[in-house]
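Numbers restart at 1 for each chain; the letters A, B, ... are given by sequence-line order, proteins then strands.
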2 protein chains.
Amino acid sequence: MEQSRRNQILEVAQKMMRDSGFHGTSMRDIAAAMNMEAASLYNHISGKEEILKSTCFGLAEKFQSGIDEVNDIYFNAVEKLQMAVKSHVQLLTENLDASFVFIHEWRNLNEPYRAEFVHLRDKYENAFRVILQNGEDEGLFKEVDYKFAVLTILSSMNWVVEWYKPDGGMTPVQIAEKLTDFILSGLKK
Amino acid sequence: MEQSRRNQILEVAQKMMRDSGFHGTSMRDIAAAMNMEAASLYNHISGKEEILKSTCFGLAEKFQSGIDEVNDIYFNAVEKLQMAVKSHVQLLTENLDASFVFIHEWRNLNEPYRAEFVHLRDKYENAFRVILQNGEDEGLFKEVDYKFAVLTILSSMNWVVEWYKPDGGMTPVQIAEKLTDFILSGLKK
DNA sequence: CATAAAAACTAACGATCGTTAGTTTCGATT
DNA sequence: AATCGAAACTAACGATCGTTAGTTTTTATG
């Protein structure tokens, strides 16, 4: 089954927005990359903001599904963390351009979508916090400032989109393993 | 000594670009926030891009000076890392809006400035790598993938601009200490 | 108070933006 | 071959963009 024209547009737009940002990418730019006129895009999408909404909310749902799945199944906290990181990194690397837009351009959503996006983000962060609390309850993790720890973990994961190259030396799974190791044990010998 | 009009404009612009991005903030927006007309801005700055250049390169120089100072003085690797993180976090929190623009909007620089900025960024990252190598040579740190470790450390630090509030519960020094602890020892008990 | 520089103003330029209206072409189904 | 919807097109709209030119006001200096 071939890709719908709409999804082709979304992918092209995401790639361009990764380089130039949301406001730096015009409908005419996107159309040119698709070898069509700007007006023709409107046969497939309702407007420019829909590109951003689709990208941000589509990925938000994927991330949330990933962590829900991890949390539903029983693992101890270390296993949960391992799997959550793995899920996150795999989604990031499988949707690299979209993830980049997701992470950097969501601020350009207009209300009420921006607020709704922040709400989903908070929900996702909270799922990570629950894992850290589990770890502390089980005596596996130190007592930590949850908010601080969650944000630090998420930042390490999200920064992967800045440097990951599909043809580079590390697979997504290897990245997830290194990240988990770093998060759990740090640098010290 | 009171602040120059130029610096007032830069600070207002940075604050607005933090919310709306570089392309999302117009010269007329900036002027309105300064209670003046857009054309009047040009008595103080040469154009919109100069705001971005000044912000990005001004901060880049501060960050580099910070780590150079740390590396000049003799410390062992753990001390160097502690001081480098402290310097970075203090600069971030002292220049919160500018740092946000520095981290998120540098892509909007036109060549050759974008390339020059990337070069400075690489130089800064390299200074951190040297610290990690020192640590390994001294037997203090694990053998690590330097590139990966540096990017992960930088991401944890940079993400602070996303959530830090001056009136929040943590001082910059406390944040730096928690970050260093996290980087060195991780979550595990 | 005269003067000159600094810093504001009004007005407008050409360019580009997202989007709409209306029309034509393409491609699959009868 | 006729038909009809999908998907492209041309043309243009009003808005806004960064910036410039020329002028007036403000402020500091003698």
For the pair made of [atom1] in [X] and [atom2] in [N], what is the distance, rounded to whole Å?
X        : N       : atom1 : atom2 : answer
Glu49(A) : dT19(C) : CD    : C1'   : 14 Å
Ile45(A) : dA8(D)  : CD1   : C1'   : 15 Å
Lys48(A) : dA15(D) : NZ    : C1'   : 14 Å
Tyr42(B) : dG18(D) : OH    : P     : 7 Å
Glu37(A) : dA21(C) : CD    : P     : 19 Å
Met34(B) : dA7(C)  : CE    : P     : 11 Å
Ile30(A) : dT16(C) : CD1   : C1'   : 15 Å
His23(A) : dT16(D) : NE2   : P     : 14 Å

* OH/Tyr113(A): more than 12 non-hydrogen atoms of other groups inside 6.0 Å ->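 12 or below, so no.
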* Taking only N and O in the side chain of Ser40(B), is any of them less than 4.0 Å away from OP1 or OP2 of dC9(C)? ->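 Ser40(B) to dC9(C) OP1/OP2: side-chain N or O found under 4.0 Å.
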* Has Ser26(B) got a side-chain N or O lying under 4.0 Å from the OP1 or OP2 atom of dC17(D)? ->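 It does, given that an N or O in the side chain of Ser26(B) lies less than 4.0 Å from OP1 or OP2 of dC17(D).
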* To do: Answer with yes or no whether the side chains of Ser20(A) and Arg107(B) bring together a donor and an acceptor at under 3.5 Å.
  =>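 Checked: Arg107(B)/Ser20(A) side chains show no N/O donor-acceptor pair below 3.5 Å.
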* Asked: Without hydrogens or angle criteria, can the side chains of Glu162(B) and His104(B) be said to hold a donor-acceptor pair below 3.5 Å?
  ->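 Yes, because at least one side-chain N or O of Glu162(B) sits under 3.5 Å from a partner of the opposite role on His104(B).
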* To do: Between His44(A) and Arg28(A), name the one whose nearest nucleotide on DNA chain D is closer to the 5' end.
  =>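 Here His44(A) is the residue nearer the 5' end.
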Nearest to the side chain of [X] - [options]?
X        : options                   : answer
Met36(A) : dT19(C), dA8(C), dC9(D)   : dC9(D)
Ala39(A) : dA21(C), dT19(D), dC17(D) : dA21(C)
Ala38(B) : dG18(C), dC17(D), dT19(D) : dT19(D)
Met27(A) : dG18(C), dC9(C), dA8(D)   : dG18(C)

* To do: Looking at every strand, decide which applies to Thr25(A) at a 4.0 Å heavy-atom threshold: base, sugar-phosphate, or nothing.
  =>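 Answer is sugar-phosphate: Thr25(A) comes under 4.0 Å of backbone atoms only.
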* Distance-minimising heavy-atom pair for Phe22(B) and Glu49(B) ->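 Of all heavy-atom pairs spanning Phe22(B) and Glu49(B), the closest is CZ-CA, 4.3 Å.
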* Asked: Does the dA6(C) base have a donor-acceptor partner in the side chain of Asn43(B) within less than 3.5 Å?
  ->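 A donor-acceptor contact between them is absent.
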* To do: For the pair Asp145(A) and Lys178(B), evaluate salt bridge (Lys or Arg N to Asp or Glu O under 4.0 Å) and give the outcome as yes or no after the intermediate values.
  => CA-CA 9 Å; Asp145(A) 180 334; Lys178(B) 284 197 180 187; 2.8 Å; yes
